[in-house]
> 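Supplied in C-alpha cells, the structure appears directly below.
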Amino acid sequence: MTPADHLAPHLAPHGLTVLGRCPTLPQDGLPGAQSLALIGPCGGFWEVFRGSPEATDGAPDPLDRWARRVLEHVAGQTDATAVFPFGGPPWHPFIGWALRTGRIWTSPVALLVHDTHGLFVSFRGALALREAHEEPPAQSAPCDTCPDQPCRTACPADALTPAGYDVPACHAPLARPEGADCLSGCLVRRACPIGQGLRPEAQSAFHMAAFHRSP
C-alpha cells in the first residue's frame, strides 16, 4: 500500500482526497518530511462541510477552520504534519508544490488545471509525510489536447488570460446584475471539459461569494 492509499480511508469520510504528491525540497521548510500529499475536495465534500459546526456557527472563515480541524485530526492518525494555504505570512508555496506533482499544470488562462478535476482543483491543505515519493511518469497537460480550449473565451470581463489574472476586472461585474451567472460559479472554471459535475453549484457560489467579499 502506498502512503497515498494509506491516507484514503482517513480522508474519504470528510469528502477529501489526495490530488497529487511530490517530494519535498530543502527550501520547503518541512524538516523530517520526504513527501507531500496535496489534499482537496472530492465527492460528498460539500454535504460534509455544510453539516459541520464551522459552517453553521456564524464565525469568520468557516472553511479554513473546518480544514484545519479535519486535517490536523487526519495528520494525527497518519503520523503526518498538516500544512495549509492560509494563516500566513509566511505562506506555504502550494502552487509550486502543485506543479511538482505531475498531475497539475498551468492552464491557458493562468489558473491551475488538474488531470481529473480540471479548473475546479483546489487545496484545503497538505500532509507532510515521512515516506519518500517516487516521481510519477511524465504526463502532458490536458489542455495540450483540448481542441477548443473554451476557458480562453468564457470570462465576460476578460479577467483571465495567458497574461495572468486581473482581479479588479473580475470583481467589477459581480456587483452588477450581469454578474449573477458568475456569482453562481466562475464561468471559466465551469467551461473546462474536465471535472464537469464534480462541484455542486452551491459550493461554487459559496467560493464566489467569499471571493467577492475579499479586498
Side-chain angles (χ1 to χ4, degrees), residues 15-20 38-50 55 61-64 66-67 84-86 93-126 139-215:
L16 297 171
T17 190
V18 175
L19 294 172
L38 273 63
I39 311 300
C42 62
F45 160 78
W46 185 241
E47 290 76 15
V48 172
F49 168 67
R50 292 304 298 165
D61 305 315
L63 186 53
D64 290 351
W66 177 88
F84 301 95
F86 51 82
F94 270 76
I95 292 176
W97 292 344
L99 296 174
R100 278 158 43 191
T101 66
R103 297 184 59 191
I104 302 166
W105 302 266
T106 302
S107 74
V109 289
L111 297 173
L112 294 178
V113 60
H114 186 265
D115 59 356
T116 61
H117 286 57
L119 293 178
F120 280 128
V121 62
S122 64
F123 309 113
R124 300 278 65 85
Q139 297 186 59
S140 298
C143 311
D144 295 344
T145 54
C146 183
D148 300 321
Q149 295 190 341
C151 61
R152 289 180 177 270
T153 56
C155 180
D158 292 325
L160 286 156
T161 69
Y165 185 19
D166 187 338
V167 176
C170 183
H171 272 289
L174 300 180
R176 301 192 295 265
E178 61 267 29
D181 198 14
C182 296
L183 279 173
S184 67
C186 171
L187 298 181
V188 173
R189 296 184 192 274
R190 288 156 58 189
C192 182
I194 299 174
Q196 293 283 343
L198 286 179
R199 179 180 286 190
E201 185 174 306
Q203 183 180 344
S204 289
F206 171 86
H207 286 291
M208 287 301 295
F211 162 74
H212 193 40
R213 289 193 300 268
S214 66

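Numbers for residues simply follow the sequence, beginning at 1.
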> Among residues at least two apart in sequence or on other chains, which ones pass side-chain contact (heavy atoms from CB on, under 4.5 Å) with Ala98?
Leu38, Ile104, Leu112, Phe123
> About how many Å separate OG of Ser122 and CG of Leu19, when rounded to the nearest 0.5 Å?
7.5 Å
> Quick check: closest heavy atoms across Ala110 and Gly164, and the distance to 0.1 Å?
CB-CA, 4.0 Å
> Tell me which pairs pass side chain to side chain donor-acceptor pair (under 3.5 Å) where either residue lies in residues 147-165, with sequence neighbours left out.
Gln149-Arg152
> Taking side-chain hydrogen bond (donor to acceptor under 3.5 Å, both in side chains) as the definition, give me every residue that meets it alongside Asp64, ordered by chain and number, with sequence neighbours left out.
none
> Say whether, by atom type as modelled, one donor and one acceptor occur between the side chain of His212 and the main chain of Leu183 under 3.5 angstrom.
no
> So how far is it from Asp166 CG to His171 NE2, rounded to the nearest 0.5 Å?
10.5 Å
> Report the residues that fulfil side-chain contact (heavy atoms from CB on, under 4.5 Å) with Pro85, sequence neighbours left out, ordered by chain and then residue number.
Phe94
> Quick check for you: to the nearest 0.5 Å, what is the distance between Leu16 atom CG and Arg124 atom CZ?
8.5 Å
> What are the two closest heavy atoms between Val48 and Gly15, and how far apart are they?
CG2-N, 4.4 Å
> Determine, stepwise, if the pair His207 / Leu63 fulfils side chain to side chain contact (heavy atoms under 4.5 Å, CB included).
CA-CA 10 Å; His207 286 291; Leu63 186 53; 3.5 Å; yes
> Please collect all ring pair (Phe, Tyr, Trp, His ring centres under 6.0 Å) contacts where either partner lies in residues 172-197, sequence neighbours excluded, each pair once.
none
> Suppose we screen for side-chain contact (heavy atoms from CB on, under 4.5 Å). Which residues come up paired with Ala209, at least two apart in sequence or across chains?
Arg213
> Side chains of Pro156 and Leu187: does their closest heavy-atom pair fall under 4.5 Å?
yes
> For Thr106, check side-chain hydrogen bond (donor to acceptor under 3.5 Å, both in side chains) against everything at least two apart and list the hits.
none
> Identify the two heavy atoms, one from Thr101 and one from Gly20, that lie closest to each other, and give their separation to 0.1 Å.
CG2-C, 3.8 Å
> Which pairs, with at least one residue in residues 172-200 and sequence neighbours excluded, count as a ring pair (Phe, Tyr, Trp, His ring centres under 6.0 Å)?
none
> Mind listing the closest non-hydrogen atom pair of Gly179 and Leu174 along with its distance?
O-CD2, 4.0 Å
> What's the spacing between Phe211 CZ and Cys186 SG if we round to 0.5 Å?
9.0 Å
> Does Pro41 reach the side chain of Phe49, with side-chain heavy atoms less than 4.5 Å apart?
no
> Enumerate donor-acceptor pairs with a distance under 3.5 Å from any side-chain N or O in residues 190-206 to protein atoms, sequence neighbours excluded.
from: Arg190; atom 1: NH1; to: Asp181; atom 2: O; distance (Å): 3.1
from: Arg190; atom 1: NH1; to: Asp181; atom 2: OD1; distance (Å): 3.4
from: Arg190; atom 1: NH1; to: Ser184; atom 2: OG; distance (Å): 3.3
from: Arg190; atom 1: NH1; to: Gly185; atom 2: O; distance (Å): 2.7
from: Arg190; atom 1: NH2; to: Asp181; atom 2: OD1; distance (Å): 3.3
from: Gln196; atom 1: NE2; to: Arg190; atom 2: O; distance (Å): 2.8
from: Gln196; atom 1: NE2; to: Cys192; atom 2: O; distance (Å): 2.5
from: Arg199; atom 1: NH2; to: Phe120; atom 2: O; distance (Å): 3.4

> Quick check: do Ser140 and Thr145 have side-chain heavy atoms less than 4.5 Å from each other?
no
> Only pairs at least two apart or in different chains count here, so list each salt bridge (Lys or Arg N to Asp or Glu O under 4.0 Å) that has a residue in residues 102-113.
Arg103-Asp115
> For a quick test of reading the model, state the closest non-hydrogen atom pair linking Ala157 to Ala169 and the distance between them.
CB-O, 3.4 Å
